[in-house]
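For the numbers below, each heavy atom of this structure counts, side chains included, while hydrogens, waters and symmetry mates do not.
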Amino acid sequence: MKNNIDHTDPALTMNPERGNGGETHQRADADGKVLTTQQGVAIADNQNSLKAGPRGPTLLEDFVLREKINHFDHERIPERVVHARGSAAHGYFELTESLEEYTTAKILTETGKQTPLFTRFSTVAGNKGSKDTPRDVRGFAVKIYTEEGNWDIVGNNMPIFFIQDAMKFPDLVHAVKPEPDRGFPQAASAHDTFWDFVSLSPETMHNLIWLMSDRGLPRSLRMMEGFGIHSYRLLNSDGKSTFVRFHWKPVLGVQSTTWDEAVKISGADPDYHRRDLYEAIDNQDYPEWEFGVQLFTEEEANEFPFDHLDATKLIPEELVPVKTVGKMVLNRNVDNFFAETEQVAYCLSHVPPGIDFSNDPLLQGRLFSYLDTQLKRLGSPNFAQIPINAPKCPFANNQQDGHMQMQVPKTRVLYEPQSLDLDRPRESVKKGFESFAESMDDGVKGRIRAESFADHYSQPRMFYRSQTSVGQAHIASAYAFELGKVDTAHVRTRTLSHLLNIDEDLANRVATALGMELPEAAESAAPIVDMATSKAVQTIGISPKSLKGRLIGILVAEGSNHGEVEKFEKAAIAAGASVKIVAPNKEVTLDDGTRIQADERLAGGPSVLFDAIVSIIMHPPAKKLAKDSAALDWFTDAYAHCKAIAYCPATEEHILSKLPIEKDAFVTPLDNVDGFIENAKTRLWEREPKVRDLA
């Protein structure tokens, strides 16, 4: 509770003066920091432009005005085509188990050392100003500033991708982006062009079913898994190659919202994920991930029932376990959003010696595309000199000039071989990057896709059948919602034909929800295999029963019991949760006279922002709130989203008794603090069929 409310205005201590027009001037002290131009010239007046008389025209000679306006006019740079909406933080990587047997990369062989990194999370489809909570894949990009050069692990929160070949990436993005003739929908896949494309591209079926699952609606950026997606190579000191896939597993576990919550959160707080990440770090509740690897040889890969070079296929953890070898901790927010989060440039080609690429055709295309994108966005090949992108190890080369060159080489020699400057950098066979000496096939070069990439349904089937019954219902409902936004009938029919190949129950549920007849199953280019199920791909089934990282909302009003509020607040915090106070007004006085400041007003703090709620209000306020739609929604939404609710007698009499809320095991009175805390660690999914129709 914020019960030390300070209304003192610090602006009064900043030497304020009023100008002729009543404008506010704040003057620097004799030893204070002085406002200057970019050239360091002190500015006397930052409120008025230079004019020919008080009401005369503004003069062109006003270089202070021209510099300020000119810089403002050029503040924006092109946003990313995809992953434009991002949030980021600084942190460190620490290796806990050496992989020296597999690689020479020091970042993966030297344990116990904390190496700085910068991690950016993002949505994919929306623009920079879109909401945080659409149904979407999330980007998960990590830049590790290793002593051998920067290493960028550029992945997503899903282990596979929609397409198998980079040739199709522009088509995928054009299909999911706002339709070009109308400019909408924004940050949404629920429209005709996307489903037209994916229903004609069976290779998209696996990533599509992940997107329709709860993984497409993360509860927090801190509660997402991250995947490098592609197979890479690790090279040891003998030049031996081992294939590897990279994983980030959140210590808080994988957790998601429901679709109804995500929709309502986007209206209540479009910055929900960005704010959650910022506040967690600001409160020193540092997000943490375990770093894991799946290691396998070429011989082992040849025995897989799929091609590991196909980016639409995951490697089940039951087949190749994830070996935890390190951790990532995010412990510092950015100092400037533009300079860091916006200007950071990730490229898959940024790898240190000891790590190499596979022949995954999507990876190979990304190796070109990311560098090309940074040249477009940041305007110069010198983007690597921007502080957030610059290596923290020594670097030297013979590159020169170019837009915004920041280096000042003190030499006449920027070439080699040369003999005029013995201190210039030279190549190193011992330390230099070595590509894997791969034996090449004798096959004929051509534009052809491997037959081993032809199975598009076995892994989506495995994913669906691995889910809990609740997770399956959410997937079916997501397909029904998305296809319900598709007006072109044959696109809906075509999609159902693919779902029949994934699971007949899924297809039936979606068809019933849409009121459609089932078509014939789509022709499969390869036999569909019934793979073993994998618990690792679940969401609900692997969500931890814990309050760590969760947020409790406590509703108070005038006269609320201070002792009860403190009791729940202390219990929640002791269990690892954060707490926010919600009230009808920004400031309220409790029963003992303590005046507190609410974190959220009820009108702007709906229960979708919290993982569980408590109501501690007296009879007069409760009677008044019983007529307030925001208050009624606060309780009905929490109940509909299967959350724990603790209520006081006034809440029960005036509010809950008037609402369709059953007193189930997750709706408890205030005297059952321990029961509420235990309930708040999870959700009562058994309640969901009572509150909404699921496909």
Side-chain angles (χ1 to χ4, degrees), residues 158-172 174-176 189-213 304-314 316 360-362 446-467 472 475-476 478-480 482-533 537 695:
M158 300 178 187
I160 60 319
F161 201 62
F162 286 97
I163 52 174
Q164 298 172 320
D165 193 300
M167 180 71 82
K168 300 306 300 172
F169 190 71
D171 300 294
L172 169 67
H174 289 172
V176 76
S189 54
H191 56 106
D192 289 53
T193 57
F194 176 74
W195 287 90
D196 183 41
F197 174 77
V198 297
S199 63
L200 287 168
S201 307
E203 68 198 78
T204 65
M205 290 298 120
H206 193 194
N207 204 165
L208 192 62
I209 200 168
W210 278 75
L211 180 61
M212 294 301 106
S213 79
F304 293 165
F306 50 84
D307 193 327
H308 77 103
L309 298 181
D310 176 356
T312 70
K313 305 296 189 296
L314 58 80
D360 178 337
L362 181 62
R447 296 185 182 276
I448 187 169
R449 195 171 299 191
E451 289 184 10
S452 55
F453 281 34
D455 179 5
H456 304 311
Y457 301 110
S458 297
Q459 289 210 355
R461 174 179 289 185
M462 178 271 286
F463 179 81
Y464 180 75
R465 293 180 177 178
S466 297
Q467 305 303 313
Q472 290 180 346
I475 290 172
Y479 275 108
E482 298 261 328
L483 292 172
K485 296 287 187 179
V486 174
D487 291 329
T488 309
H490 67 261
V491 172
R492 298 194 302 270
T493 300
R494 189 189 303 138
T495 303
L496 287 173
S497 73
H498 293 298
L499 296 186
L500 277 166
N501 284 334
I502 295 171
D503 188 89
E504 190 171 345
D505 170 68
L506 172 62
N508 270 304
R509 293 168 80 158
V510 176
T512 300
L514 295 173
M516 294 178 61
E517 298 290 329
L518 279 176
E520 293 292 322
E523 182 180 352
S524 177
I528 303 171
V529 179
D530 286 324
M531 299 176 60
T533 58
V537 304

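Note that CE of Met531 is 8.5 Å distant from OG of Ser466, once rounded to the nearest 0.5 Å. Between Leu506 atom CG and Leu500 atom CG the span is 9.0 Å, to the nearest 0.5 Å. Atom CZ in Phe197 sits 9.5 Å away from atom CZ in Phe162 (nearest 0.5 Å). Put simply, CD1 on Ile160 and CG on Leu314 are 6.0 Å apart, with the number rounded to the nearest 0.5 Å. Here Lys485 contributes atom NZ and Leu483 contributes atom CG; the two are 12.5 Å apart, rounded to the nearest 0.5 Å. Taking OG of Ser524 as the reference point, atom NE2 of His498 lies at 10.5 Å (rounded to 0.5 Å).
In this view, Tyr479 satisfies the side chain to side chain donor-acceptor pair (under 3.5 Å) rule with no residue, not counting sequence neighbours. Asp455 meets the salt bridge (charged side-chain N to carboxylate O under 4.0 Å, His left out) test with no other residue; sequence neighbours excluded. With sequence neighbours excluded, the residues satisfying salt bridge (charged side-chain N to carboxylate O under 4.0 Å, His left out) with Arg465 are Asp503, Asp530. Qualifying side chain to side chain donor-acceptor pair (under 3.5 Å) partners for Glu203, counting only residues two or more places apart in sequence or in other chains: Arg449. For the salt bridge (charged side-chain N to carboxylate O under 4.0 Å, His left out) test, residues two or more places apart in sequence or in another chain that qualify with Asp171 are Lys168. Here Asp360 pairs with His230 under the side chain to side chain donor-acceptor pair (under 3.5 Å) rule; sequence neighbours left out.
Scanning all heavy atoms of the two residues, the minimum distance from Leu362 to Ile163 falls at CD2-O, 3.7 Å. In terms of heavy-atom proximity, Met158 sits nearest to Asn207 at SD-ND2, 3.5 Å. Heavy atoms only, all atoms of each residue included: Gln467 and Ile475 are closest at CG-CD1, 3.8 Å. For the residue pair Phe453 and Lys313, the shortest heavy atom distance occurs at O-NZ, 4.1 Å. Taking all atoms of both residues into account, the shortest heavy-atom contact from Thr493 to Pro519 is O-CG, 3.4 Å. Ala513 and Ala480 get closest at one heavy-atom pair: CB-CB, 3.7 Å.
No side-chain heavy atom of Thr495 sits under 4.5 Å from any side-chain heavy atom of Arg492. The shortest side-chain heavy-atom distance between Thr204 and Phe194 does not fall under the 4.5 Å cut-off. With contacts defined as side-chain heavy-atom distances shorter than 4.5 Å, the pair Ile209/Gln459 does not qualify. Within the 4.5 Å cutoff, the side chain of Pro305 has no heavy atoms near those of the Val529 side chain. Looking at heavy atoms from C-beta onward, Ser458 lies out of side-chain contact with Phe306 at the 4.5 angstrom threshold.
With Val510 as reference, Leu499 is the one residue of Leu499, Asp505, Leu518 to meet the side-chain contact (heavy atoms from CB on, under 4.5 Å) rule.
Ring geometry for Trp210 versus His206: interplanar angle over 60°, hence perpendicular rather than tilted (30 to 60°).
In this structure, Asp165 contributes its side chain and Pro361 its backbone to no donor-acceptor pair below 3.5 Å.
Around CE of Met516, the count of heavy atoms belonging to other residues, nucleotides or ligands within 6.0 Å exceeds 12.
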